[in-house]
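Some notes on the structure that comes next.
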Amino acid sequence: MSEAAQQKVEVNNAPVTATQRMANLVSLAKRRGFVFPASEIYGGLNGFWDFGPLGIALKNNIRDTWWRDMVECPPIGPDGSPLSIVGLDSAIIQNPKTWVASGHVAGFADLMSDCRETKGRYRADHIVCTEIQFKKGDNVKSLGWLSTLDGDEAEANLAKKAKKMIQKSGGGEIVPFDITKAIPFTSLSESQRALVIGPDAENPGTLTEPRKFNLMFETYTGVFQNEDSRAYLRPETAQGIFLNYKNVLDSSRVKVPFGIAQIGKAFRNEVTPRNFIFRTREFEQMEMEFFCPPDDAKMWYEFWVTTRLKWWEERIGLSKAKLQRREHDSDELAHYSTACADVEFQYPFSEPKFGELEGIAHRGNFDLTQHSQHSKTNLEYFDQENNKKYLPHVIEPASGLTRGVLAVLCDAYEYDASRASPEWLRIKPSLAPIKAGVFPLVNKDGMPEMAEKIYLELRQSFTCQYDAKQSIGRRYARMDEAGTPFCLTVDGDSLKDSTVTVRHRDTASQERVNAGQLKAYLNEKLA
């Protein structure tokens with residue numbers, strides 16, 4: 001087995017594999033109201049998820065931080081002056097000509113392969129294959145080409161499948177194989193693909209030849225459902241920005257370079273949604289198109305890659321060791337893109353590798369050119385200072401808000417068997433769904449009245465929760481699992497000296513704070 005498959009995290013002598021950590025996190029997310037399967041009472045719907053009370057609070061906190069840092073208080077540019085970035089909220093359904101001009105109608109597709117045996121459907125580029133051999137005595141024989149879906153369980157899945165096939169054939173020993181040298185199904189020749197045993201199949205040659213599958217959801221506008229009324233749910237939020245580029249220029253006091261930012265839902269009919277809320281069919285994006293002079297585009301590209309990587313670490317609190325910048329290889333770039341880099345995060349299901357969190361693309365002037373030609377609208381910008389016209393180039397930082405929530409949860413998840421509540425979420429305090437829990441130690445002797453008074457005062461400034469049920473340990477545990485950074489407990493001494501016990505989530509340490517100073521105390525800690 002590879003190091004990735006064997007990787008474990010030791011926490012108080014309790015080994016937890018990356019797969020187990022992810023399963024525990026998914027369970028915690030549902031149990032505490034972060035994320036629910038959509039339509040669960042009807043069996044769910046693959047690729048769709050609902051955000052519960054704590055989940056929507058966390059998502060909104062991340063969203064509001066992004067909006068604050070991009071629109072309300074944009075970054076300082078290379079020249080020392082604040083950038084000019086304005087906001088937008090465009091329609092989910094746009095004129096279908098939009099998607100013809102952008103290239104989505106003709107080319108927004110994944111390669112799909114079906115299994116004739118199991119009726120399963122897979123993204124062909126997610127299937128990895130390797131020839132497995134087994135040894136019986138001195139004889140080495142081939143089991144054929146086995147396949148599985150790429151991911152942290154790929155090696156284990158192949159080994160399990162090979163073992164089962166060996167047992168059927170009379171026993172033997174698997175010849176060690178290197179999962180890192182597995183070959184994508186799409187890279188095999190037609191004759192080799194005919195020998196592949198599908199991820200869930202038992203016989204070779206059941207996978208169909210890869211074929212293109214358009215990812216856009218179709219819908220219809222108006223009364224009649226025909227070709228003239230066909231429309232699409234947007235697969236990205238970017239095109240709504242390009243369509244309004246001229247409107248923003250004409251109606252706002254902006255000039256190039258400037259940005260237009262948008263947060264909104266996007267929809268992609270993913271062939272194989274997987275890894276919890278990492279790859280879904282409905283998701284939310286935080287996207288900004290930065291319009292700049294062509295000669296300055298490379299400089300702005302580097303600026304935004306650096307700025308966005310730093311933002312995830314400093315403003316969202318993700319571990320630096322779990323973040324990296326990855327430049328796209330030339331064969332990964334879109335045909336119109338000069339450069340593209342991903343901010344990647346090390347999710348449990350990707351360990352030891354990283355997965356995409358945000359992409360920063362140098363889109364050139366492709367989008368404005370396409371929409372100018374298809375709409376017959378002049379989208380050139382007149383630069384008064386230099387007395388010339390040009391189509392601006394665009395740098396696009398596009399991040400997934402849904403993936404942002406997932407990255408925060410994955411990074412925050414902690415397990416310590418020695419604690420009364422072994423699972424807790426070390427969410428950055430400013431992002432935590434609940435900032436403080438307020439409790440009376442017991443429900444008598446005036447403690448509930450004092451605790452409730454403190455709660456009513458603090459809730460004007462912070463998202464707080466009052467809880468008087470069950471033991472104080474149980475209440476601490478509930479707050480730990482919710483990621484609440486502080487618990488404020490009114491006890492017998494509180495009635496004498498007007499102080500309360502403040503318990504810190506991450507260390508479980510406690511200190512006494514004057515009740516009248518709690519607002520200032522929390523403001524300082526949450527800053």
Side-chain angles (χ1 to χ4, degrees), residues 47-48 88-112 121 123-126 186 210-221 225-247 260-273 279-291 328 331-338 340 342 356 358-377 379 391 393-403:
F48 295 90
L88 180 74
D89 184 10
S90 65
I92 287 174
I93 298 177
Q94 300 281 356
N95 188 305
K97 294 178 182 178
T98 299
W99 309 109
V100 174
S102 67
H104 284 81
V105 171
F108 191 61
D110 280 337
L111 290 175
M112 176 180 67
R121 176 166 288 175
R123 259 186 65 170
D125 60 330
H126 284 173
T186 51
R211 64 188 188 279
K212 287 188 176 182
F213 172 76
N214 196 289
L215 300 178
M216 285 199 296
F217 281 103
E218 292 185 359
T219 187
Y220 296 90
T221 60
Q225 296 188 6
N226 53 38
E227 191 62 33
D228 292 336
S229 64
R230 186 193 305 274
Y232 304 93
L233 301 185
R234 65 184 180 194
E236 63 177 31
T237 57
Q239 298 307 317
I241 295 177
F242 293 123
L243 298 188
N244 282 285
Y245 153 80
K246 189 173 186 302
N247 285 334
I260 303 176
Q262 179 170 209
I263 298 173
K265 290 286 185 74
F267 306 83
R268 296 181 184 179
N269 194 13
E270 293 283 354
V271 178
T272 52
R279 189 174 302 281
T280 60
R281 290 176 170 141
E282 176 185 344
F283 53 95
E284 205 157 351
Q285 289 184 299
M286 304 182 295
E287 201 159 35
M288 193 271 294
E289 308 300 327
F290 193 77
F291 302 89
H328 283 209
D331 59 352
E332 293 181 90
L333 294 174
H335 63 89
Y336 54 80
S337 182
T338 302
C340 185
D342 285 342
E356 182 186 355
E358 174 169 351
I360 300 92
H362 182 336
R363 299 181 71 115
N365 61 10
F366 170 80
D367 300 278
L368 292 181
T369 299
Q370 288 294 104
H371 289 303
S372 180
Q373 293 175 351
H374 282 255
S375 68
K376 304 297 190 293
T377 302
L379 297 179
L391 278 176
H393 280 213
V394 175
I395 309 302
E396 176 193 76
S399 57
L401 175 53
T402 314
R403 285 190 182 179

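In this text the structure is predicted, and so the values were computed from the model without any measurement.
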Measuring from atom [atom1] of [X] to atom [atom2] of [Y], what distance do you get when rounded to the nearest 0.5 angstrom?
X    : Y    : atom1 : atom2 : answer
E289 : F242 : CD    : CZ    : 3.5 Å
D228 : T221 : CG    : OG1   : 9.5 Å
R279 : T272 : CZ    : OG1   : 7.0 Å
R121 : M112 : CZ    : CE    : 4.0 Å
R230 : Y220 : CZ    : OH    : 4.0 Å
H328 : L333 : NE2   : CG    : 7.5 Å

Judged by atom type as modelled, is there a donor-acceptor pair below 3.5 Å linking the side chain of [X] to the main-chain atoms of [Y]?
X    : Y    : value
S337 : H362 : yes
R268 : P235 : yes
Q285 : T237 : yes
N226 : S229 : yes
R234 : K265 : yes

Where do S90 and L243 land on the side chain to side chain contact (heavy atoms under 4.5 Å, CB included) test, with the steps shown first? CA-CA 9 Å; S90 65; L243 298 188; over 6 Å; no
Would a 4.5 Å heavy-atom cut-off, applied to side chains only, mark [X] and [Y] as touching?
X    : Y    : value
H371 : T377 : no
I93  : T219 : yes
F283 : R403 : no
H104 : M216 : yes
E236 : S102 : no
L111 : K212 : yes
I260 : F291 : yes
T280 : P273 : no

Which atom of [X] lies closest to which atom of [Y], heavy atoms considered:
X    : Y    : result
T186 : P210 : CG2-CG, 4.4 Å
H374 : A101 : CG-CB, 3.6 Å
L391 : L379 : CD2-O, 3.4 Å
G359 : D342 : CA-OD1, 3.5 Å
A238 : R363 : CB-NH1, 4.5 Å
E282 : F267 : CG-CE2, 3.5 Å

Does the pair R123/E270 count as a salt bridge with the N-to-O cut at 4.0 Å?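 Yes, this pair counts.
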In terms of ring plane angle, is the pair F366 and Y336 parallel, tilted or perpendicular, where the classes change at 30° and 60°?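 Taking Y336 first and then F366, their aromatic rings lie parallel (interplane angle under 30°).
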Y245/D367 under side chain to side chain contact (heavy atoms under 4.5 Å, CB included): CA gap, chis, key distance, verdict: CA-CA 11 Å; Y245 153 80; D367 300 278; over 6 Å; no
